[in-house]
Undergrad: 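Please find one structure pasted underneath; my questions will follow.
Lettering follows sequence order; numbering is per chain, from 1.
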There are 2 protein chains.
Amino acid sequence: MNSAEGAQRRKAEEARDRILNVAERLFASRGFAGVSVRDITAEADVNLAAVNYYFGSKAGLLKAVFLRRATALNRERMAELQAVVDAHPSGALPLPAVLRALLGPPVRWQFDPDRGLGVFIQFLARCQMEEEPELRALFYEDVEHLRRFIPALKRALPEMPEDEICWGLHFALGAMHHTFTHLPRLGPISQGRCHIGNRDEVIERMVEFATGGFEAARARITASAR
Amino acid sequence: MNSAEGAQRRKAEEARDRILNVAERLFASRGFAGVSVRDITAEADVNLAAVNYYFGSKAGLLKAVFLRRATALNRERMAELQAVVDAHPSGALPLPAVLRALLGPPVRWQFDPDRGLGVFIQFLARCQMEEEPELRALFYEDVEHLRRFIPALKRALPEMPEDEICWGLHFALGAMHHTFTHLPRLGPISQGRCHIGNRDEVIERMVEFATGGFEAARARITASAR
DNA sequence: GTCTATATTCGGATAGAC
DNA sequence: GTCTATCCGAATATAGAC
């Protein structure tokens, strides 16, 4: 490769990445149908034809945006979860630690100022609602990695049957997703009293809320078993 | 009014309502941008021009769908909340009862088989994300009625500062909205173990989870104040 | 690889007949 | 009130020059 080719490739990669970044942000805030290829190419400062050149189609671009981040997020969650398991080779797992492995990575991404991960969770939350079959399949594969939290939650809450655990998992993810997709609403509701300034504080709030929710269900179950 | 006019008016009202019902359902599942006026008129079995005739524009139709239900839902929540307040004229309010007033009506609507209210909460959750200013204003007014829950929650949790209460309110609404917008995901995650068959059971699950979340925050606060 | 120009479809809205 | 026909802009996608 000579230096001209190198420069060309670097430029191409930059253009491709610019498209991905802009698309991620616009899809996150307006949804797939609410964004046109023209919106994306205009903001990314590339030619209209570039999206089709690099990604084949608008749907192809959406897939690329998803795939670029999904693996890394899942890996981060799994690594945290594994660390919790390793630290407690036997006996019960501490519930907050398990929930921190579930909720921590998305929140940290949301607040990441450097790596440009800040909108991916919003992107995810919006695109998981898309109903086009091809996209559904993509997002449903992603559900599999969430299922790996179930055994861990069972070890944290031995008394709880699996369906109860799944409900709690569902509610916890809901609180998290809602927080990011409806961030603008938090201001008016609290009239400016709630600030999402501190990353770790938000994580701890969510973990605390979800832990409390699980514990309430556990209390009911152990009480009725008595 | 003669009988011919009466028949005509009935027919017109039926057509108008058919449009509202179909639009509510389609907007709920695909979002505003994901549905065309043509989709709606085709499914409602009315002419393409009918939407503009009755509602002026596509955005006007969205507003109409929203306004048709919003007042009634807010009234239901407020009536339940007032009943809790009336039952406890002084002293602390029971937290689960307050949360039931917040979460119960939407869930009951979601499960309503008769009045056709079943998709409005999904519609709400999706449309609250729309960013067109005109629509934002509409949905933001709706936030005001949520703020009326804050004094009640303060009476249920006297130790908690208002920002903590707002976070909890936010998380609780998130768990509820997520449950309805992502219902199809609950199946795969739980591999069929979670059923949303029973209305009151779902309400109690949500109330329990949210109560636990608030109580966890309360416990932290009273502990640190000690 | 990049761009212009364009094919083609689809979208919202409306005019005007009935 | 209802319907047909149509306008016009916007959308995705592609062909072909450079």
Undergrad: Would you mind reading off the distance between B/Phe55 atom CZ and D/dT2 atom P, rounded to a whole angstrom?
TA: 12 Å
Undergrad: Round to the nearest Å and state the distance from B/Ile40 atom CD1 to C/dC10 atom P.
TA: 17 Å
Undergrad: Does one side chain, of B/Asn21 or B/Arg68, offer a donor that lies under 3.5 Å from an acceptor on the other?
TA: yes
Undergrad: Rounded to whole Å, please give me the gap between CZ in A/Arg30 and P in D/dA10.
TA: 14 Å
Undergrad: Set out, in order, the CA-CA distance, both residues' side-chain angles and the distance that settles side chain to side chain donor-acceptor pair (under 3.5 Å) for A/Ser36 and A/Asp39, then state yes or no.
TA: CA-CA 5 Å; A/Ser36 72; A/Asp39 294 334; 3.2 Å; yes
Undergrad: Go through D/dA11, C/dA13, D/dC3 for me and flag the one nearest to the B/Lys58 side chain.
TA: C/dA13
Undergrad: Look at the rings of A/His170 and A/Trp167 and say which category their plane angle falls in: under 30° parallel, 30 to 60° tilted, over 60° perpendicular.
TA: perpendicular
Undergrad: Which listed nucleotide (C/dG11, C/dG1, D/dA5) is nearest to the side chain of A/Tyr53?
TA: C/dG1
Undergrad: Which whole-number value in Å describes the distance from B/Arg18 CZ to D/dT2 C1'?
TA: 12 Å
Undergrad: Looking at B/Glu204 and B/Arg100, is any side-chain nitrogen of the basic one under 4.0 Å from a carboxylate oxygen of the acidic one?
TA: yes
Undergrad: So, B/Lys63 side chain and B/Glu134 main chain: donor-acceptor pair closer than 3.5 Å or not?
TA: no
Undergrad: Among C/dA13, D/dT14, D/dA11, which is the nearest nucleotide to the side chain of B/Ser57?
TA: C/dA13
Undergrad: Measure the distance from CG on B/Leu26 to P on C/dG12 and round it to the nearest whole Å.
TA: 12 Å
Undergrad: Side chain of B/Ala49 only, heavy atoms from C-beta on: which candidate in D/dT4, D/dA13, C/dT4 is closest?
TA: D/dT4
Undergrad: If I take atom CZ in residue B/Arg38 and atom P in nucleotide D/dA5, what distance separates them, rounded to the nearest angstrom?
TA: 13 Å
Undergrad: OP1, OP2 of C/dA13 versus side-chain N and O of B/Asn52: anything below 4.0 Å?
TA: yes
Undergrad: In whole Å, I'd like the distance from the CG atom of A/Asn47 to the P atom of D/dT14.
TA: 15 Å
Undergrad: Ignoring backbone atoms, establish whether A/Tyr54 has a side-chain N or O less than 4.0 Å from OP1 or OP2 of C/dT2.
TA: yes
Undergrad: Rounded off to whole Å, could you give me the CG-to-P distance for the A/Leu48 and D/dA10 pair?
TA: 14 Å
